[in-house]
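Small disclaimer: the values here were computed from a predicted structure and weren't measured. Lettering of chains follows the sequences in order, A, B, ..., and the numbering in each one begins at 1.
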Amino acid sequence: MRWIARRLLHGLLLLLGVSVLTFAFTEIAPGDYFDEMRLDPRISAETVEALRSRYGLDRPLHERYLRWLGSVLRGEFGHSFAYHTSVGSLLWVRARNTLLLTGLATGLAWLIAVPLGAWAAASKRRWVRALFGGGTSLLLAIPDILLALLFLLLAVRTGWFPVGGMASLDYPSFDAWGKVKDLVHHFALPVTAMTLATLPVLVRHVHASMSEVLRSPFLLSARGFGIPPRRLLFRYALPVAANPLISLFGHSVGSLLSASLLIEVVLSWPGIGPLLLESILARDVHVVIGAVLMSTVLLIVGNLLADVLLYAADPRIRVES
Amino acid sequence: MAVAVQVTHGTILRTLVALLFWAVFPLISTLAQSDGAAGEVTLEDPLITNHRVGRKGGRLVTALRAEPSTFNPVVALNIPSQTVIRRMTANLIRINRKTQETEAALAKTWDTSSDGRRFTIYLRRGVRFSDGHQFDADDVVFSFELYLNPEVASPIRDLLVIGDKPVRVKKIDRFTIEFELPEPLAAGERLFDGIAMLPKHILKDSYIRGEIGSAWSLDTAEKEIVGLGPFRMKEYLPGSRCVLERNPHYWKYDQEGNRLPYLDELVFVFVPDQSAHVIRFQAGDTDIIDRVSSENFLILKRQSRRSAYRLRDLGPGTIYSFLFFNLNVTSGKDRQSLRDKQSWFRDLSFRKAVSAAIDRQGVVKLAYRGLASPLASHVTPGVARWVNSELSVQPRSIAVARDLLRQAGFRWNRAQKLVDKNGAVVEFSIITSSSNSQRLQMATIIQADLKELGMTVHVVPIEHRALIERITREYDFEASIMAFGGGDTDPNAQQTMLLSSGYLHFWHLGQTQPSTVWEAEIDRLMKEQVRTIDPVRRKQLFDSVQELMAENLPLILLVSPHILVGARGEIDNFNPAVLEHPTLWNVEELFWSQQRSE
Amino acid sequence: MRRRRKILWAVVPLAALHGLVLLAEFFAPYHYATQNRMLPYAPPTPVHFFDQEGRFHRPFVYELVPDETGMGYREDLTRPCSIRFFVKGEPYRLLGLFSTDRHLLGVDEPARLLLLGTDGFGRDQLSRLLHGGRISLFAGFLAAALSLGIGLALGSLAGFYGRWIDAVIMRGAELFMALPWLYLLLGARAFLPLSISPVQTFLLLVSLIGTIGWARPARLIRGVVLSARERDYVLAAKGFGAGDSYLLGRHVLPQTLGVVYTQAALLIPLYILAEVTLSFLGLGVAEPEPSWGNMLGELQKYHVLTSYWWMFSPGLVLVVVFIVYHHLARKL
Amino acid sequence: MTTEAELDDVSESLLSARGLRKRYTRRGGWSKPLAVQALDGVAVEVVSGSTVAVVGESGSGKSTLARCLALLERPDSGSIRFRGDDLLAANRRSVTAARRRIQMIFQDPASALDPRWTAAEIVGEPLRIRGRERARERRRQALGAMEQVGLLARWADRRPRELSGGQRQRLAIARALILEPEILILDEALSALDLSVQARIVNLLLDLQASRDLAYVFISHELSMVRYLADEVVVLQTGKVVERDTVAGVFNEPRHPHTRELLAATPVLERAAAGGG
């Protein structure tokens with residue numbers, strides 16, 4: 001447990017470092033939030049200056065940082081210039097939406113990847129291997145943005161899927177079954193796109209570690225004992241192949257907030273991606289820092305989770321220490 | 001199972017609340033009566049509108065380009081916020097978007113003094129806020145106090161400060177207010193259009209606490225947002241939509257005595273992506289669409305024969321795009337190359353040659369697919385009342401451009417590059433906002449056009465904020481393409497750009513004295529028209545300003561994009577206009593002519 | 001040897017592609033920036049072999065003219081224009097060395113040979129695709145080389161020497177992976193002078209991205225070095241009196257080659273793609289210079305996405321290039 | 001129980017180590033820092049042309065001892081003298097010189113040979129590091145060394161994975177021999193091999209010892225080969241020497257209980273080894 005405390009301390013230091021550097025970066029990028037008002041014929045330059053000083057933008061960097069740190073301790077994570085509200089409340093709803101999308105997609109991708117990768121690794125048929133290799137190569141080679149655009153095109157051309165939003169306007173008036181149908185309808189496109197974007201890497205990894213395990217003497221002898229292939233695959237081989245997959249799982253948890261940015265923007269999902277992009281362009285600094293820190297936290301949690309799972313799954317690690 | 005339990009809980013809770021309400025209601029109503037006993041007035045003089053009588057009911061859905069950032073009129077700036085806020089609030093006098101003239105709103109009538117400095121406004125009696133609270137002169141005085149308080153730093157304040165002095169507001173009686181302007185201001189009543197009236201009883205506390213800026217933010221409870229507009233806030237879902245419902249206390253009626261608005265609900269869905277706007281409109285998810293780009297308009301048009309919507313090309317709006325050169329006075333060693341180039345930019349022949357070489361028809365065809373108008377004056381044909389129709393669009397002529405350059409001492413070297421008197425090759429950069437694809441396209445077209453004159457032009461798309469900083473604060477650019485417009489059509493709204501001391505006088509900022517003769521003349525004309533009440537004389541003065549601008553080319557005008565909108569066919573009283581907001585400005589009059597076929 | 005043949009399957013198409021792209025001026029029928037304002041978004045010109053009377057003819061095309069709606073195009077069937085090889089066209093310098101005006105393909109006046117249609121300025125999409133590849137492929141190489149170079153140096157230092165060097169470098173890597181680099185890129189563009197050419201600007205930004213991207217390869221390389229360092233033959237060489245530089249150079253770094261090659265094959269497409277994101281933020285290659293990234297970025301415009309299928313060509317090329325690179329990564 | 005005093009009179013020894021201590025601490029991981037005393041005051045004496053066997057269970061500190069003796073690891077305290085020079089106090093140069101006299105053969109030939117290199121390159125590597133000869137000369141000498149250990153010249157361009165386990169271990173020996181060392185430290189050098197191969201390698205080692213006057217430090221956890229090969233046996237337990245005697249002494253009259261345990265655990269394999277030879 002002391003180890004976990006140490007890791008958490010490390011994480012905290014990392015967060016501090018990230019926040020300091022992010023602050024420094026925002027200084028490098030030219031312009032600030034209130035610059036946009038300079039183009040508004042109704043607003044005088046004095047008003048812009050007054051607003052800047054009200055939000056402390058005329059203060060030196062370190063002072064602004066300390067003020068921000070203070071607001072983090074109060075749980076507000078700073079103030080959004082654009083939304084006139086605390087960043088914490090702003091981010092939370094959108095982070096939830098993003099996690100809903102990526103969590104669902106990642107879960108789905110794992111559900112598909114493990115059996116598919118294992119099956120392809122165990123299969124001796126040439127066409128299975130060729131199809132598998134070709135399919136994953138193709139998916140891997142299609143850039144996320146192109147994938148999202150193709151799905152958009154599909155939605156437009158067929159009219160089968162709604163574009164944007166998580167539920168219909170009439171959602172509250174539907175009965176339970178109608179609600180489920182509506183949700184599935186709205187989630188179908190973004191979740192599929194996201195799943196397809198994460199799938200190939202996962203499948204490749206499952207395939208690689210399973211192939212390796214299946215070639216090991218342990219499994220060869222197990223096969224010799226006449227254990228049925230399916231049981232062999234999932235009861236014997238999979239646990240052995242688990243270690244690298246657990247690390248990968250930690251990684252996919254770590255990227256839950258950041259992986260879907262382009263897909264969210266293109267398919268107008270009300271997640272953190274569009275907000276982040278908009279805030280970067282609008283120099284709504286605190287929102288950006290909040291979002292970056294949030295995904296850093298997830299990154300740290302993901303790594304920690306992977307190590308804990310690894311510890312739980314693999315007795316060897318315990319023996320070593 | 002869990003869901004079922006929740007529902008039961010909810011039902012029980014609701015029943016309890018209802019019981020409680022009915023038990024306490026008589027008490028509340030007596031209290032309210034005793035409170036308002038001094039002057040509880042029924043709506044004596046509602047505004048009776050003059051349009052086709054509609055039928056009640058239905059919901060209208062439209063998309064916003066971005067999520068509103070606040071529901072607070074005091075601090076709201078961006079278009080999405082204002083679009084929502086303006087449906088929930090009202091002003092004393094408003095500008096009719098179609099006629100571009102002022103008309104009565106919360107003010108039943110008003111008197112203007114002969115020198116144009118004093119306005120006496122008579123409020124409608126018995127108007128109520130959306131929570132049922134009475135509206136009177138106290139709310140007006142409170143609202144203006146808020147807007148004018150320098151500590152609040154409301155962007156609206158700048159409208160109400162004329163020649164460094166604020167407007168004075170005085171309550172005469174419960175329904176009469178007097179406004180006194182520090183200086184004469186032609187068409188001063190137009191000011192009132194931008195100023196929403198606020199409920200004193202709701203906002204007083206946060207104003208006293210000094211927190212008015214963060215009042216009515218996105219996390220404010222829906223019930224607390226109270227206004228005088230046709231709709232009031234019902235539900236806000238972060239990141240996805242906000243739903244407005246009919247304001248039951250609205251003060252407009254149709255000719256048959258039906259209280260407006262007709263629609264039950266007005267829904268704004270937040271769709272950050274332009275294409276998604278079009279897609280959702282095509283799919284029938286949204287009922288009205290505005291700010292359609294020309295390409296998307298053509299796509300919609302191609303399909304409109306099959307679909308139940310109609311599209312309107314309203315012609316040029318108030319936006320004018322232009323190329324301009326950096327004529328600022330700069331210092332510092334690192335700006336030496338800029339100063340060298342400024343010797344060309346300051347040469348009127350050079351600017352004229354550039355203007356003559358630009359293929360404005362090409363811009364219209366390529367960047368706007370035909371749905372834009374080339375400009376002769378910086379006042380667009382969309383502002384019919386003020387445009388100087390004597391001015392004509394400069395036809396493209398490379399020969400004319402070459403003559404102008406030759407006469408100004410430029411030559412062409414062996415590689416057909418343009419060189420100046422000192423033998424320096426003419427090469428400069430045009431910066432544009434990277435987020436605006438039309439301006440980028442215009443820059444690319446101009447780049448190719450000027451290549452025919454032997455000029456080497458670099459097109460540098462920069463991110464928007466960086467662009468603003470370079471232009472307004474650092475003066476670190478050579479040329480840029482920008483666009484202005486929106487807001488009021490009155491010449492007064494253009495002072496900040498036209499006056500040599502104005503902070504939007506981008507080509508040369510920070511002048512204490514006009515640096516050229518023609519800038520001095522524009523200053524004089526603009527200052528005179530502000531004091532002139534006679535509209536005909538004002539028009540003459542403003543025509544001269546436009547002539548001076550066209551002759552001296554501080555802005556090399558390009559085109560004005562058309563305002564393109566669409567609406568579902570069953571929406572009646574749809575009367576779009578080029579001014580903001582093009583489709584929803586008369587939202588209280590819109591109605592569904594028949595039940596939507598679903 | 002079978003392995004080598006499999007690698008050839010990836011290397012040969014890549015080499016061919018790079019050849020095409022390097023000699024873009026020759027293979028492209030037109031200059032990439034030549035606007036044809038009468039032909040925005042013209043579809044690919046159909047190539048015909050039989051004339052109106054059904055007689056066989058050498059390959060020819062018809063001139064495209066706006067159709068009645070003013071929104072589309074039709075072929076002007078009155079005048080067939082033959083396709084010819086090695087025609088005279090716009091002059092250029094091949095590889096920056098030879099001046100010539102010969103192009104591989106061309107067509108008789110007044111028609112234009114638009115094998116992949118045109119973009120919104122009426123510029124030939126094929127010519128832009130060929131030119132764009134030059135920037136995109138080079139940018140990918142440059143950025144990947146920088147990332148790998150720095151990653152190799154820092155990763156092997158961390159893995160070989162361990163202790164505090166390792167700790168510092170690895171904490172740095174974590175930090176680098178978490179930071180929002182877009183800001184730095186926005187800032188960097190602001191510092192660059194306005195009058196340098198778009199290609200230079202872009203390459204500077206790409207170098208910056210490449211420099212930033214060292215963390216991931218460094219972690220991988222560190223892992224390999226860590227295990228390589230423990231090998232007995234490293235210990236044995238130490239026993240023969242070998243110094244650190246010998247050990248690193250002869251035994252440890254050669255171990256990382258596999259990872260480096262594989263990473264290179266994965267990073268190059270990644271960085272080619274990074275340019276799309278840069279274009280999204282207005283930091284991509286500026287007009288009129290084409291690149292696969294800014295050409296693909298056109299698809300973000302709804303009307304392009306739905307109406308002009310030939311504008312997908314950069315996407316198709318990218319997918320093919322990526323497949324080949326990934327194949328290479330797997331076989332290395 | 002042997003004491004260090006008993007060893008003092010052996011003055012003509014080639015390599016003598018006294019009071020070696022080495023402690024490993026493990027940081028990080030799951031629990032608090034863990035310390036292991038791998039060597040706790042170990043002394044070893046090697047006479048020219050003789051074989052000292054070090055036996056013990058795994059974890060008894062054998063490998064640490066081997067690495068310390070081969071100067072691949074630095075003990076925390078103690079002294080290592082080679083021909084009388086204290087190597088732990090000596091300058092770099094003389095350490096490098098001594099290192100070339102003391103060579104080590106590792107347990108796993110697969111890990112001890114760089115898979116990328118050819119046999120001739122591997123054998124010639126020590127020369128390459130010393131940097132006196134040109135490539136052609138190096139190859140000539142490498143082929144010579146290979147021949148000495150019974151490897152054919154036509155295998156010179158094969159890579160380790162193309163050779164059998166025994167051939168690989170011969171390759172490692174050839175590499176160790178090329179600098180003409182005086183001591184070879186064999187760290188479990190036979191345990192990864194088949195029995196018949198083991199026997200053949202043992203015979204090779206004996207031949208080499210006879211022809212070159214080599215000294216061996218033979219480290220093993222099983223005693224079968226030790227009896228056949230060693231002159232003297234040192235028994236290690238948890239970093240301490242518990243018994244030191246001649247082969248005959250250890251095998252016939254083991255004094256320490258741990259030695260008896262080890263002997264009991266060793267299957268009788270002499271016949272196999274002898275028969276293989």
With no hydrogens and no angle check, do the side chains of A:Arg204 and A:Ser209 hold a donor and an acceptor under 3.5 Å apart? no
Do A:Phe77 and A:His286 make the cut of ring centroids closer than 6.0 angstrom? no
Select one option (side chain, backbone, both, neither) describing which atoms of C:Ile323 are under 4.5 Å from chain A's heavy atoms. both
Side-chain touch C:Leu146/C:Ser207, heavy atoms, less than 4.5 angstrom: yes
Engaged part of A:Leu293 at the chain C interface, taking heavy atoms whose separation is under 4.5 Å: neither
Residue pairs passing the salt bridge (Lys or Arg N to Asp or Glu O under 4.0 Å) test where at least one lies in residues 294-312 of chain C, sequence neighbours excluded: C:Glu298-C:Lys301
Taking A:Leu276, A:Leu146, A:Ile300 one by one, which has the highest count of heavy-atom pairs under 4.5 Å against chain C? A:Leu146
Do the ring planes of C:His18 and C:Phe141 sit parallel (below 30°), tilted (30 to 60°) or perpendicular (above 60°)? tilted
Side chain A:Arg94, main chain A:Leu90, donor-acceptor under 3.5 Å: yes
Against chain C, label A:Leu149 side chain, backbone, both or neither, depending on which of its atoms sit under 4.5 Å from a heavy atom there. both
Under 4.5 Å from any heavy atom of chain A - which part of C:Phe176: neither
What do you reckon, are the aromatic ring centroids of A:His62 and A:Phe23 less than 6.0 Å apart? no
Please identify, among A:Gly17, A:Ser19, A:Ser137, A:Ala141, the residue contributing the most non-hydrogen atom pairs under 4.5 Å to chain C. A:Ala141
Nearest heavy atoms of A:Ser80 and A:Val87, plus distance in Å: N-CG2, 3.8 Å
Would you call C:Arg128 and C:Asp119 a salt bridge, taking side-chain N to carboxylate O under 4.0 Å as the test? yes
Which residues in residues 305-312 of chain C have any heavy atom lying under 4.5 Å from a heavy atom of chain A? C:Leu305, C:Thr306, C:Phe312
